Each structure stands twice: as C-alpha cells, then as structure tokens.
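Structure first, commentary second.
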Amino acid sequence: MKLPGALTLSELLPVAQAGGFAVAAFSVRYLACIRPVVEAAVEADSPLIVEISQRELGWFAVTPRAFRDALERALQGAGADLPFALHLDHTWELPVIEAAVEAGFSSVMIDASALPFEENVALTRRVVEYAHRHGVSVEAELGRLTTTDKLEPEGDEAMYTVPEEAREFVRRTGCDALAVSVGTAHGVYPVKNPRIDFERLAAIRALLPGTPIVLHGGSGLPEETVHRAIRLPGGGISKMNVATDLENALLGAMGGLKRMTSAELDALPGELRALGLEAVRREARDKIERFVLSAGRASAYRPGVEG
Ligand code: 13P
C-alpha cells in the first residue's frame, strides 16, 4: 500500500514547472540520512522527493520496505504536513520495481536507456501499465547519462536526448516524467562549469509542453546553471537528482570516512554520526534554498492556498 500522504511525480512536478522552481530528489543512500533531508524540507517549507536506486539498494544493503519505514518515521518525527514523493531511482529490473511498489513507493524510474529505442519503449510501456494500475508514477530515460569520470568531451553529444525522439517516446510509453541527457553526469565535475545544452533542453520542452523533465547529476552544478535550466520558456526542469554532494557532505563531516553500508553507518558512535547527519541537513537545505528554489513552495500543494 502506498505510504500515506506520498504524492506521485504527476502531482508534484507540474506545480513546480508552472511555478518556476524544481523539486530536489535526494538520493540519500543511507537510511539515517532520510531524517536530515526531511528536516531540511520542513524547515524550508519545501516539497521533497526522497529516492534510492536499484544499485544503491545493493551497495548500501537497504530494502525498499526498510527505506519506506525510515521515511515514515522521519515524517512522523518532523510532525509536518510535507508534500513529498517516495521514488525508486534508476532501476532496470521489473522485480525491483514490483518490490518498491509493494513496499509503498509512490513513484518509480525504469531506466532502459541502455537498450535500443524500440526496446526502451517496450519495457517502459510495460512498467507504466503496471505502475499506473497501482496509482504510481513512472520516470523514464531517453539518451544516456554517464559518470563524471567517464566524460568524453568529443563524443558526448552522441548520447544526448534527441528532442523528436523524446516526443515519440513519451507518446508511446505514457511515462509521467522524462530524464534527459543534455550534458550533466552523475558525480562531481572535474571542471567547474559543465556545459549544458540549453538549446536542446528548450527544444525538448517545446515538443513536450506537458511532460515534467528531470535533470540527473545535480551535484556540483553551479547555481546559475540550475536556475537557467529551471527557467526555460514554458518551464524547464522540475526535478533535480542529488546524490554525490550529500554523501560527500556526510562522509567529509565525519573526517573523510570511506563509503560503508547503511547498517555500518548506524553502528558508528552517535556523536560522530551526528556530525555527518548535520552536514547532510545543511547540504540539503542549501540545495533547496539556493539551487532548486523550492523554499516556501510547500504551500502550493495545500488545498485552497495559492503557492
Ligand atoms: P549526482 O551524484 O551527480 O548528484 O547524481 C545523482 C543522480 O542523478 C541520481 O539519479
């Protein structure tokens, strides 16, 4: 059963697209990091997306059910009426999607972008049919995202999303939001100013006026780049994924510890862990306030209140 109060991307993102802001989707990785991102959103009166990917479920040894339960406890602890989604990030296998939907996720991503176009369409369509039967939204991906250690300045554009293909893809799959490849990558950029293909982003928006666009690889982007991506004519990106900056804040504040499992983090001394979690809260708040500009926008989702 869907986690009570959890919204779909179709409920969260069009409001952001029309309102000139985006919703930060925090890939928290560790269960303990859910609470500080919830606190940051409550303090900033902001909508929030909390997410974890198939790969992260494995790396950090977390189950979808444990993730849902940790979010439920954090929301109860915060005692606030927060517009939020519980989202499954990059996933390529149906059983993982089914497990998340059964655990109460309100949204899932099927990432079949490594497959040829027709196969991406077919698999995404199948996930949309399944998820919509459960009232769950679907983010899909067209074009390839890479990691920052694999950026190839000469060859990158071959992986970028083609606007006409994006239109056909959304029409045929019925996906609720589209992750695009326009120059960002997962991880922290070796260069300070990654080149975003804004013309391509604007062309995708023009062909898909009603489809929320998702920007992956939100870590390390300059704030003006994010603002420009949000403020395109007709509304730019309305969901921005952030993973690396949060984990770096966590591990950095604990003296540069190496990545560990979620349970190993829980087993660290409380005082040390508190330093890390406080850094996560500050980092999330900064992304909300300075980057995606969603502070004060929670009211846009409350009935009878103009946002
Ligand atoms: P970063 O690690 O660059 O923030 O990317 C996160 C992401 O896009 C998760 O899907």
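Every number for a ligand or one of its atoms is a count from 1 in the order of the listing. These figures come from a predicted structure and were not determined experimentally.
Counting non-hydrogen atoms of other residues, nucleotides and ligands closer than 6.0 Å to CD of E199 gives a total of 12 or fewer.
Aromatic ring pairs are classed by plane angle as parallel below 30°, tilted from 30° to 60° and perpendicular above 60°; the pair F21 and Y301 is perpendicular.
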S27 vs E51, side-chain contact (heavy atoms from CB on, under 4.5 Å): CA-CA, chis, key distance, verdict = CA-CA 5 Å; S27 301; E51 65 181 19; 2.8 Å; yes
inquiry  = What verdict does the side-chain contact (heavy atoms from CB on, under 4.5 Å) test give for E283 and L250, after you've listed the backbone C-alpha separation in whole Å, the side-chain angles of each residue and the deciding distance to 0.1 Å?
reply    = CA-CA 9 Å; E283 182 68 32; L250 173 79; over 6 Å; no
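In A185, the part holding a heavy atom less than 4.0 Å from any atom of ligand 1 is the backbone.
Nearest non-hydrogen protein atom to atom 4 (O) of ligand 1 is S219 OG, 2.6 Å. Scanning the protein for heavy atoms near atom 7 (C) of ligand 1, the closest one is H186 CD2, 3.2 Å. Atom 2 (O) of ligand 1 has as its closest protein heavy atom T244 OG1, 2.4 Å.
A salt bridge links R172 with E118: the closest approach of a Lys/Arg side-chain nitrogen to an acidic carboxylate oxygen falls below 4.0 angstrom.
Under a 4.0 angstrom heavy-atom cut-off, D89 registers as being in contact with ligand 1.
Ligand 1 places these atoms under 4.0 Å from at least one heavy atom of G187: 1 (P), 2 (O), 3 (O). Atoms of ligand 1 found under 4.0 Å from any heavy atom of H90 (numbered from 1 in listed order, with element): 10 (O). Heavy-atom proximity to H216, at under 4.0 Å, picks out these atoms of ligand 1: 8 (O), 10 (O).
With rounding to the nearest 0.5 Å, the separation of CG in L178 from CD1 in I237 is 13.0 Å. Atom-to-atom distance recorded for I49:CD1 and L13:CG is 5.0 Å, nearest 0.5 angstrom.
At under 3.5 Å, a nitrogen or oxygen of N241, whether backbone or side chain, sits near a nitrogen or oxygen of ligand 1. Polar contact check, V242 against ligand 1: no nitrogen or oxygen pair lies under 3.5 Å apart.
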